[in-house]
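Scroll down for the structure; my scribbles are underneath it.
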Amino acid sequence: MASCYFNPIPTSSRLISADLSTKFNIPKLLHRKKRFGVLPRSSKVTAFYGLKTPPYEHDALEPYMSKKTIDIHWGEHHRNFIEGLNKQLEKDDILYGYTLDELVKVTYNNGNPSIEFNNAAEVWNHDFFWESMKPGGGDMPILGLLEQIEKDFGSFTNFKEKFTEAALTLFGSGWVWLVLKREEKQLAIVKTSNAICPIVWDHIPIINLDLWEHAYYLDYKNDREQYVNVFLNHLVSWNAATDRLTWGEAFVNLGEPKIPAA
Amino acid sequence: MAVRTLLTRKTLSSFLRNDPKPIGTAAISAAASTQSRDLHVYTLPDLAYDYGALEPVISGEIMQLHHQKHHQTYVTNYNKALEQLHDTVGKADASATVKLQSAIKFNGGGHINHSIFWKNLAPVREGGGEPPKEALGWAIDDHFGSLEALIQKVNAEGAALQGSGWVWLSLDKDSKRLTVETTANQDPLVTKGPFLVPLLGIDVWEHAYYLQYKNVRPDYLKNIWKVINWKYASEVYEKEAYLVNQEDRP
């Protein structure tokens with residue numbers, strides 16, 4: 001146990017198809033610090049989590065999201081969350097044993113977040129955000145995802161309107177999400193402040209949009225509405241969303257109840 | 001729609017006490033059932049300096065966007081929310097009235113906070129960055145040890161603030177104590193305590209510095225002191241700290 005390896009790729013990456021994973025910048029596997037007692041030689045811990053690269057080149061979302069925005073957003077903001085988290089985990093004997101999902105949930109601490117929550121959740125949110133977009137995105141969802149959206153929002157147009165409205169009425173920094181709610185067995189739009197990630201309420205995220213000003217200010221200045229429209233019309237990856245919904249259906253039965261024939 | 005707007009503008013008023021510009025003087029009979037009061041419309045205050053006058057600390061582009069776009073949007077949406085409030089109050093619709101409170105707090109707070117912020121800044125040639133003297137200077141030494149210590153505290157709390165918000169040098173009118181406070185989003189300082197008066201408020205929303213400082217908020221905080229208008233803070237301090245009867249003082 002003490003010398004086991006820790007996989008630095010957070011669990012959310014299981015949703016990514018194999019060909020994309022070759023593009024990830026996977027850091028060297030690192031020794032995990034011994035929980036008790038003496039540290040083995042060469043066990044200097046430098047990272048628990050690695051900075052996952054977006055599944056496309058930084059200029060691949062041009063002109064809708066500039067290379068400069070991704071360079072800074074990923075290379076500075078996202079990286080700082082990772083580094084901040086790794087520093088915090090280095091000091092904690094317990095928390096480094098969790099997966100990222102578990103870490104986010106446990107540090108949320110039922111609404112009284114511990115200091116690690118912000119970094120952990122922001123790492124989760126940003127990993128998820130880069131994968132929520134793709135070059136040539138936008139378009140329409142298809143098949144099961146489209147049907148579910150139509151079922152839960154009336155129509156795809158309605159969904160887009162509700163998503164946009166949520167984004168424009170979020171006060172301050174935060175995120176807008178399309179999630180699958182387990183109990184209600186339906187899709188819903190939720191807004192979260194600052195770092196909060198809806199897995200803390202046990203929702204299954206399908207899509208997220210970063211509404212911190214740093215996500216759009218270099219490209220759109222104060223025009224958040226244009227940014228949201230561009231996201232929905234040109235960036236959002238309904239492929240990723242479909243994968244995530246399919247995964248979610250392992251936990252949530254979205255079908256009609258099957259009544260046995262008499 | 002236009003008629004409705006006129007109606008509501010005509011008759012709303014009493015929530016607003018500062019810098020209002022009354023509009024809609026024409027009497028509209030349909031509005032006569034409610035009290036006949038003018039709806040005051042908030043307007044964007046002018047700056048006392050040019051957009052480029054704070055360079056190189058804050059770029060002209062940031063100042064212009066911040067004032068003409070961000071602050072203007074808070075003003076516009078505050079006026080809208082107040083119109084809606086007038087409607088819902090008129091209809092005695094309690095739940096709709098209560099529902100408006102977040103928009104009023106956010107947009108009204110945005111207007112209040114930015115109006116203070118512009119006054120907290122001054123170009124260097126007009127005294128920006130000159131340390132506070134006399135009463136406020138002494139009070140800062142008393143409470144924080146030195147101006148330098150205060151600056152460090154503000155910078156640390158401003159940098160640590162999660163998300164968007166403000167960091168304040170606050171005077172408690174009641175106890176006369178100076179403290180450093182932070183508020184989230186556009187919450188005005190008074191949400192932290194009924195007696196708190198802002199002497200100095202620094203906007204740490206990303207829109208306040210991103211075009212120039214990107215993700216390095218600490219650099220923005222470090223630099224902004226070069227254009228802080230301590231004269232304004234001193235005036236507010238002297239006015240507010242001595243308002244209460246002298247015998248109330250220890």
Side-chain angles (χ1 to χ4, degrees), chain A residues 66-85 88 107-108 113-122 125-126 165-166 168-175 191-197 210-227, chain B residues 59 61-78 80-81 84 99-110 113-114 159-166 182-188 191 203-220:
Chain A
S66 67
K67 175 173 184 298
K68 192 173 182 194
T69 290
I70 298 184
D71 282 348
I72 299 175
H73 195 174
W74 175 80
E76 300 287 340
H77 292 273
H78 192 167
R79 185 188 306 275
N80 286 342
F81 293 127
I82 290 269
E83 289 178 357
L85 178 62
Q88 289 167 333
T107 56
Y108 183 67
S114 59
I115 51 164
E116 299 87 357
F117 173 75
N118 189 64
N119 285 323
E122 287 287 35
N125 297 347
H126 282 88
E165 189 197 338
L168 298 184
T169 54
L170 176 86
F171 295 139
S173 303
W175 301 77
K191 302 190 258 192
T192 61
S193 276
N194 295 341
I196 293 176
C197 170
D210 191 342
L211 290 169
W212 285 58
E213 286 174 321
H214 65 238
Y216 60 88
Y217 212 78
L218 297 181
D219 294 332
Y220 300 101
K221 308 285 191 313
N222 62 305
D223 196 347
R224 184 186 276 191
E225 185 169 10
Q226 198 191 349
Y227 166 68
Chain B
S59 74
E61 187 187 14
I62 288 179
M63 288 301 292
Q64 184 168 1
L65 281 164
H66 202 170
H67 181 248
Q68 286 182 352
K69 301 288 185 183
H70 291 279
H71 191 170
Q72 179 64 60
T73 304
Y74 295 121
V75 169
T76 305
N77 290 337
Y78 187 40
K80 261 187 215 162
Q84 289 167 354
K99 200 177 160 202
L100 278 170
Q101 70 179 339
S102 61
I104 289 172
K105 183 176 169 191
F106 183 72
N107 294 298
N113 295 343
H114 284 90
L161 190 146
Q162 304 288 358
S164 302
W166 292 76
T182 57
T183 56
N185 297 331
Q186 292 298 357
D187 294 358
T191 59
D203 190 344
V204 294
W205 279 61
E206 287 173 323
H207 67 235
Y209 60 86
Y210 206 76
L211 292 180
Q212 200 175 345
Y213 295 93
K214 306 296 187 305
N215 61 310
V216 194
R217 189 190 284 177
D219 282 359
Y220 158 73

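Chain A is the first sequence line, chain B the second, and so forth, proteins listed ahead of strands; every chain is numbered from 1.
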Chain A contact via Gln72(B) - side chain, backbone, both or neither, heavy atoms under 4.5 Å
neither
Go through Asn77(B), Val216(B), Asn215(B) and name the one with the most non-hydrogen pairs under 4.5 angstrom from chain A.
Asn215(B)
Part of Asn222(A) within contact of chain B (heavy atom distance under 4.5 Å):
both
Heavy-atom neighbours of Lys191(A) NZ exceed 12 at 6.0 Å:
yes
Residue among His207(B), Glu61(B), His70(B) satisfying side chain to side chain contact (heavy atoms under 4.5 Å, CB included) with Lys221(A):
Glu61(B)
Is atom CD of Glu76(A) surrounded by more than 12 heavy atoms (other residues, nucleotides or ligands) closer than 6.0 Å?
yes
Spell out, as yes or no, whether a donor-acceptor pair under 3.5 Å connects the side chain of Glu213(A) to the backbone of Glu206(B).
yes
Atom CG in Asn185(B), atom CG in Asn194(A): separation rounded to 0.5 Å?
6.5 Å
Hey, would you say the Phe171(A) and Phe106(B) ring centroids sit under 6.0 Å apart?
yes
Under 4.5 Å from any heavy atom of chain B, what part of Asp223(A) do you find: side chain, backbone, both or neither?
neither
Side chain to side chain donor-acceptor pair (under 3.5 Å), that's the test. Do Gln162(B) and Asn118(A) meet it? Break it down for me.
CA-CA 8 Å; Gln162(B) 304 288 358; Asn118(A) 189 64; 2.8 Å; yes
